[in-house]
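First the structure, in the form of structure tokens, and then the observations on it.
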2 protein chains.
Amino acid sequence: MSHLLKEHIGAISPLSDEEFDYILSHFVFKKLKKHAFLVQEGNSVKYEYFVLKGCLKAYMTDSNTGKEFIYQFGVEDWWITDREAFFKQSTATINIDCLEDSEVLGITLENREKLVTEMRKYEHFVAVKANLGYISLQKRLQLMIMGSVKERYENFIQQYPHLINRIPKSLIASYLGVSRETLSRLYRS
Amino acid sequence: MSHLLKEHIGAISPLSDEEFDYILSHFVFKKLKKHAFLVQEGNSVKYEYFVLKGCLKAYMTDSNTGKEFIYQFGVEDWWITDREAFFKQSTATINIDCLEDSEVLGITLENREKLVTEMRKYEHFVAVKANLGYISLQKRLQLMIMGSVKERYENFIQQYPHLINRIPKSLIASYLGVSRETLSRLYRS
DNA sequence: TTGATTTTGTGATAAAAGTCACATCAGGAA
DNA sequence: TTCCTGATGTGACTTTTATCACAAAATCAA
């Protein structure tokens, strides 16, 4: 049996079909139309989501200027949620909505903890993920502080070549912390 | 018995004296002079460190410009290491050195995994820490992208009031991703 | 298809921050 | 104390990026 989530977890903690079926039974499936919200500011955040299909953006809005900063995109094989609200069981400070029709698998904090407690393999998977996530965030911060706009964009192209023509440049600019005009002017020979 | 590390872990997972003694036996104590390196680029990173006393900086040097970016300070009650090198057991890409005479407790990856496996409480502590660390890094990134230099500095003052007069402004500027001159000019009435 | 909306590019100008240079100030070591 | 080093403040100028404005191109929905 092949399943995107099975491959995903299995890359860190190899799973038997039975183990994976058990894990999968703790998730709920959701199908969303373009522009639909998965997480909305002020609401509670019941799930952490694994993206099966489509594309989403997680962003926060500056209360003064009204401008938005995209802190993460979510496409196939990625996890997305308002991490702080999910783990602290508080209300969302960010929004997540769909750039395309999307399909996700959601797991509640309760089920997540249940799996972590019951299955050493899932606990290991989750711990490794947390570390890798932290490390990649640290690299992004470093690039943001030390790198020029050009370096940031080139790094993005290299890391996410499949997103360049899938996501509007204005959103990529927001992710890179630069105005869309400046990004657009980068490659004038 | 009172111990900084016991209070630190206990705030997340309360510990008996026996449990803490057992945990502590997995750490090694190190005492360092000002300017000494705890982690040096190119070397292996055997330990993750908890700071008992003193002040350290973790930074990376841009290979082109030679300028350094401080990604973390470490003072009492903080953890510090080259996370990526430590977990992947590769060589350091960053340097950590002492701004003051310092004392730290180090734990190897092996001992860390041993404790995580043996003690549910330590595992919980470590998981919670990873989450909190990720969340605070995310906030720092957000502030870096959306906030003005002034907002970033004010946030720093609010978060770390005790560091303002302990660490040179030029290093704080590096942490905030701004030149020391610009930081110095912030508060001309 | 067609009209509307979104996306993208680009000029002109303003604002923010960096860089270089130098002066002053504070603290540590002999 | 006295010298030396590192820390800090600030002027002058340059570079980078944001902002505003508008037009062309692409995409989407009825």
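Just so we're on the same page: letters track the sequence lines, and every chain starts at 1.
Counting non-hydrogen atoms under 4.0 angstrom, A/Lys150 reaches nothing in the nucleic acid.
Counting all heavy atoms, side chain and backbone alike, A/Leu143 lies closest to A/Glu151 at CD2-O, 4.4 Å.
Taking the six-membered ring for Trp and thresholds of 30 and 60 degrees, B/Phe156 and B/Phe73 have ring planes more than 60 degrees apart, a perpendicular arrangement. Under the 30°/60° scheme for interplanar angles, the aromatic rings of A/Tyr153 and A/Tyr187 are found to be tilted.
Comparing the end axes of the helix from C/dT1-D/dA30 to C/dA30-D/dT1, each fitted to five base pairs by superposing C1' atoms of four pairs onto the next four, gives an inter-axis angle of 50° (nearest 10 degrees).
Taking atom NZ of A/Lys34 as the reference point, atom C1' of D/dA29 lies 11 Å away to the nearest angstrom. Rounded to an integer number of Å, the gap from B/Leu183 CG to C/dT19 P is 15 Å. Distance, B/Met146 CE to D/dA18 C1': 16 Å, rounded to whole Å. In this entry the distance linking CD1 of A/Ile145 with C1' of C/dA17 reads 15 Å, nearest Å. Atom-to-atom, CG of A/Leu186 to C1' of D/dT17 comes out at 11 Å; the value is rounded to the nearest Å. Atom NZ in A/Lys67 sits roughly 8 Å away from atom P in D/dA18 (whole-Å rounding).
Atom NZ of B/Lys114 has more than 12 neighbouring heavy atoms from other residues, nucleotides or ligands inside a 6.0 Å radius. The 12-atom threshold is exceeded at CH2 of B/Trp79, counting heavy atoms of other residues, nucleotides or ligands nearer than 6.0 Å. Within 6.0 Å of atom NZ in A/Lys139, 12 or fewer heavy atoms from other residues, nucleotides or ligands are found, so the atom counts as exposed in its surroundings.
A heavy atom lying under 4.0 Å from DNA chain C marks the following residues of residues 158-172 of chain A, by number: A/Pro168, A/Lys169, A/Ser170.
Proximity of B/Gln89 to B/Phe87: side-chain heavy atoms (C-beta onward) are nowhere separated by under 4.5 Å.
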task: For nucleotides 21-30 of chain C, just jot down a letter per nucleotide in 5' to 3' order: B, S or -, based on protein non-hydrogen atoms under 4.0 Å.
output: B---------
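For A/Val178, the side-chain atoms get nearest to D/dT17 when compared with the rest of D/dT17, C/dG18, C/dT10.
A donor-acceptor pair under 3.5 Å is formed between the side chain of B/Ser174 and the backbone N or O of B/Glu68. No side-chain donor-acceptor contact under 3.5 Å links A/Ser13 to the backbone of A/Ile9.
OP1 or OP2 of C/dG18 sits under 4.0 Å from a side-chain N or O of B/Thr182.
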task: Given side-chain contact (heavy atoms from CB on, under 4.5 Å), test A/Glu76 with A/Leu4 step by step and report yes or no.
output: CA-CA 8 Å; A/Glu76 294 80 6; A/Leu4 192 59; 4.3 Å; yes
Residues B/Ile12, B/His124; criterion side-chain contact (heavy atoms from CB on, under 4.5 Å); working and verdict: CA-CA 8 Å; B/Ile12 290 169; B/His124 179 245; 4.0 Å; yes
Strictly under 3.5 Å: I want the nitrogen or oxygen pairs between protein and nucleotides 12-16 of chain D, one per line.
from: D/dA12; atom 1: N6; to: B/Arg185; atom 2: NH2; distance (Å): 3.4

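In the model, A/Glu118 has a side-chain atom that pairs as donor or acceptor with a side-chain atom of A/Tyr22 under 3.5 Å.
Legend: residues meeting salt bridge (charged side-chain N to carboxylate O under 4.0 Å, His left out) with B/Glu154, ordered by chain and number and at least two apart, are absent.
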With a 3.5 Å cut-off and sequence neighbours excluded, list the donor-acceptor pairs that the side chains of residues 46-57 of chain B form with protein atoms.
from: B/Lys46; atom 1: NZ; to: B/Ser44; atom 2: OG; distance (Å): 3.0
from: B/Glu48; atom 1: OE1; to: B/Arg112; atom 2: NE; distance (Å): 3.0
from: B/Tyr49; atom 1: OH; to: B/Lys30; atom 2: NZ; distance (Å): 3.2

